[in-house]
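Since the structure comes first, as structure tokens, the remarks are kept for the end.
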Amino acid sequence: MNAIPYIFYLPNTAKNTIFPSIDSFLTLNKSHNKNIPYIFIFTSYGCDACKRIYPFLNELIKEHPYIQFRLITLANEDQANELIEQFNLNDIPLTMIKHEHIHKFGITGFPFAYLVSEKSVILDKGLVNHKEDFRLLMKKIKRAKIA
């Protein structure tokens with residue numbers, strides 16, 4: 001009997017490639033400014049590590065106005081609204097995503113972030129469990145602007 005290999009589709013989400021579109025997913029609050037670099041932060045409703053990063057996101061947004069932050073959450077609408085209210089996430093656009101769509105983004109764990117240029121090119125990516133992880137991503141934007 002010949003075995004049929006299992007093929008798992010993994011999109012090209014490597015550095016220096018174009019970030020996949022999120023336009024088809026439901027955004028709950030605020031709009032996105034495509035003229036500045038941004039950080040897409042992927043979280044999941046029941047994720048404890050994700051709950052630890054929500055409290056300092058508003059602080060990062062205020063400290064770094066040259067970066068657009070966008071939260072993409074694996075949640076339904078009630079859960080997403082709960083996160084917005086519980087963690088005061090009114091200043092960050094929140095987009096809901098379903099489990100069957102998460103593969104499109106090549107996420108390896110939560111919370112996960114992509115640093116993306118204003119031209120939608122992936123500059124860096126990785127797990128972001130602490131404020132310092134975000135600061136390291138943002139330094140890459142500053143270096144890109146100087147170069």
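These numbers come from the heavy atoms of this one structure, side chains and all, not from hydrogens, waters or symmetry mates.
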Is a side-chain donor or acceptor of Asn58 paired with a backbone partner of Asn88 at a separation under 3.5 angstrom? yes
4.5 Å side-chain heavy-atom contact, Ile39 and His64: no
Separation between CZ of Phe42 and CZ of Arg70, rounded to the nearest 0.5 Å: 10.0 Å
Could you tell me whether Glu85 atom CD has more than 12 heavy atoms of other residues or ligands within 6.0 Å of it? no
Euclidean distance, Thr43 OG1 relative to Lys51 NZ, rounded to 0.5 Å: 11.0 Å
Check Val128, Ile107, Ile72 against Tyr114 for a side-chain contact (heavy atoms from CB on, under 4.5 Å) and give me the one that passes. Ile107
How far does CD of Glu59 sit from NZ of Lys131, to the nearest 0.5 angstrom? 3.0 Å
N/O donor-acceptor pair under 3.5 Å between Asn81 side chain and Asp78 backbone: no
Ile53 and side-chain contact (heavy atoms from CB on, under 4.5 Å): which partner among Leu71, Asn129, Ile41? Ile41
Polar side-chain atom of Tyr54 near backbone of Gln86 as donor-acceptor pair, under 3.5 Å: no
Distance from Leu89 atom CG to Leu57 atom CG, nearest 0.5 Å? 6.5 Å
Hey, could you give me the NZ/CD1 distance between Lys104 and Ile97, rounded to the nearest 0.5 Å? 8.0 Å
Show the nearest heavy-atom pair for residues Met138 and Leu60, with the distance to one decimal. CE-CD2, 3.7 Å
With a 4.5 Å cut-off on side-chain heavy atoms, are Tyr45 and Leu83 touching? yes
To the nearest 0.5 Å, what is the distance between CZ (Phe112) and SG (Cys47)? 13.0 Å
